[in-house]
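Taking it in order: structure first as structure tokens, then the write-up.
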Amino acid sequence: MNTNSGAAAEIADSHVVGTAGFSWSASTALKGVAVLLMVFHHCYGFPQWFVSPDLIPSVLGGVTRACAGHAKICVAIFAFLTGWAYYRHKDKSLGYTLRKIVGLMADFAVILFFVMLIACLFCGYKLSCFNILSEFLPFSDLHRLVLFSWYIGFYVIMMCLLPFLESTCQVKNVWCRIVLWLAAGICLVFSTAILNIPHLTVWFPCAVSGYACSRLCLFEKVCSYWQRRSCAAVTAIVFFLLAGVTSILSGGFFEYFLPGHHYSSGVITVPLICCGWILLLPAIERLKLTGALMQLGKHSLNIWLLHSVFFSSVTRALFQPVAYAVDSPLYVLPFVVGSCYLASLGIKPLQNAFRGFILRRLEGL
């Protein structure tokens, strides 16, 4: 099945309630893992994106490309964590939803300005009002500079649908709730088919899964049981293996009742991954990896957007020869992730200032 991939990171939010089962730091570190999977997925999953056959990695094929294909689970992880964080957040008002959307769009605008500046100065890109609008508008199909910005539009719709999910969960009659969910699901599938927004039906069920796991305290119930025993690490590996087998057997997707329409198997595999992650976290902390993964998680939005320059038809001729100068994933992946992370460190203060300015203006209305 043909769907775009990428991942979106949430803006760190101190009002998300952490739990003993799945804390804010644990979820942020998991985002760090997800952004590594995302970069691997893009660097080794799409030979058609290379500007020259000479740059195509020698390992691109067979097992490597298959693993890169399954690394698309990164999208499901980010969507799942969005649903999980939404339920954990103290404020579920429409104002909160609007602030999240505006904040993300403000961060995206700064990244887009930065990428446009590089494209204009070094790649012969011509600015026009049409180009600026087509690149910035979240539902545009003409994103050439930031290829993975399709997730911006998906995030906007996702954050608009989660309050509806929250409100239906407040309905006391169980059968009414079920009817509402079924009706909403049918409307979602048919409306996205008519409007040609396949990403919504593919990945939004993962957000619903995250919301449900958070609401049911699934991780607290499951992981606390195994954490009291001495086999937590072995159990974590079992969870990861179950997630891997499910992903392989399903091909990464399940089919809806409407033929040709699929949703990510991440609705099942990501909760399994999260359980394994929680149980394995003490071992990861002993290896002193948690801090680095949290840093990547905090900057995952920027890394996700910035690494588009390596694959955009406008900028890839400039960046790909440097990124693939050494034919080894041990060079390519650290270079792409590291360069985007360093760029993010410089851009982050501008994003914070611009986002703060926009949100203050919004509150003043």
Within this structure, what is the [atom1]-[atom2] distance for the pair [X] and [Y], rounded to the nearest 0.5 Å?
| X | Y | atom1 | atom2 | result |
| --- | --- | --- | --- | --- |
| His299 | Ser344 | NE2 | OG | 4.5 Å |
| Ile77 | Trp203 | CD1 | CH2 | 10.0 Å |
| Asp107 | Leu301 | CG | CG | 5.5 Å |
| Phe50 | Gln320 | CZ | CD | 6.0 Å |
| Ile303 | Ser308 | CD1 | OG | 12.5 Å |
| Ile101 | Met158 | CD1 | CE | 10.0 Å |

Can you check whether [X] and [Y] have ring centres sitting under 6.0 Å from each other?
| X | Y | value |
| --- | --- | --- |
| His89 | Tyr96 | yes |
| Trp150 | His199 | yes |
| Tyr151 | Phe78 | no |
| Phe46 | His41 | yes |

Might you point out which heavy atoms bring [X] and [Y] nearest each other, and give the distance in Å?
| X | Y | result |
| --- | --- | --- |
| Leu296 | Gly32 | CB-CA, 3.8 Å |
| Leu279 | Ala232 | CB-O, 3.7 Å |
| Leu142 | Ser134 | CB-CB, 3.9 Å |
| Ser209 | Val267 | OG-O, 2.9 Å |
| Gly276 | Ala236 | O-CB, 3.4 Å |
| Ser265 | Ser247 | OG-CA, 4.3 Å |

Side-chain heavy atoms of [X] within contact of [Y], under 4.5 Å:
| X | Y | value |
| --- | --- | --- |
| Asn352 | Arg355 | yes |
| Leu305 | Phe108 | yes |
| Phe80 | Cys213 | yes |
| Tyr87 | Arg215 | yes |
| Thr315 | Phe122 | no |
| Glu255 | Tyr263 | no |
| Val309 | Val115 | yes |
| Cys43 | Val336 | yes |

For the side chain of [X] and the backbone of [Y], is there at least one donor-acceptor N/O pair under 3.5 Å apart?
| X | Y | value |
| --- | --- | --- |
| Thr64 | Val59 | yes |
| Ser300 | Lys31 | no |
| Ser214 | Gly210 | no |
| Glu135 | Leu112 | no |
| Trp277 | Ala26 | yes |
| Asp327 | Ser58 | yes |

Are [Y] and [X] co-members of a hydrophobic cluster defined by side-chain heavy atoms under 4.5 Å apart?
| X | Y | value |
| --- | --- | --- |
| Leu281 | Leu287 | yes |
| Phe113 | Val314 | no |
| Phe219 | Leu216 | no |
| Leu333 | Leu342 | yes |
| Val234 | Val222 | no |

Identify each donor-acceptor pair in which a side-chain atom of residues 159-170 lies under 3.5 Å from a protein atom, sequence neighbours left out, and give them as a table.
residue, atom, partner, partner atom, Å
Glu166, OE1, Tyr211, OH, 2.4
Glu166, OE2, Gln170, NE2, 2.8
Ser167, OG, Pro163, O, 3.4
Ser167, OG, Phe164, O, 2.7
Thr168, OG1, Phe164, O, 3.3
Thr168, OG1, Leu165, O, 2.8
Thr168, OG1, Trp181, NE1, 3.0
Gln170, NE2, Glu166, O, 3.4

Original post:
Given His42, which of Phe148, Trp304, Phe310 fulfils the ring pair (Phe, Tyr, Trp, His ring centres under 6.0 Å) condition?
Top reply: Phe148

Subject >> Intermediate values then yes/no, side chain to side chain contact (heavy atoms under 4.5 Å, CB included), Val35 and Val337 >> reply: CA-CA 9 Å; Val35 81; Val337 174; 5.7 Å; no

**OP:** Evaluate the criterion side chain to side chain contact (heavy atoms under 4.5 Å, CB included) for residue pair Leu127 and Ile132; output intermediate values, then yes/no.
**Re:** CA-CA 7 Å; Leu127 274 184; Ile132 294 173; 4.0 Å; yes

Subject >> Step-by-step side chain to side chain contact (heavy atoms under 4.5 Å, CB included) determination, Ile347 to Leu306 >> reply: CA-CA 10 Å; Ile347 291 172; Leu306 286 168; 4.1 Å; yes

Subject >> Criterion side chain to side chain contact (heavy atoms under 4.5 Å, CB included) on Leu280 and Phe239, from CA distance to verdict >> reply: CA-CA 10 Å; Leu280 204 61; Phe239 278 125; over 6 Å; no

**OP:** Compute both the distance and the angle, then confirm whether Lys298 meets the cation-pi test with Tyr341: under 6.0 Å from the six-membered ring centre, within 45 degrees of the axis.
**Re:** no

Subject >> Pair Arg88 + Glu220, salt bridge at N-O below 4.0 Å >> reply: yes

**OP:** State whether Arg99 and Asp91 are salt-bridged, where the test is any N-O pair (Lys NZ or Arg NE/NH1/NH2 against Asp/Glu carboxylate O) under 4.0 Å.
**Re:** yes

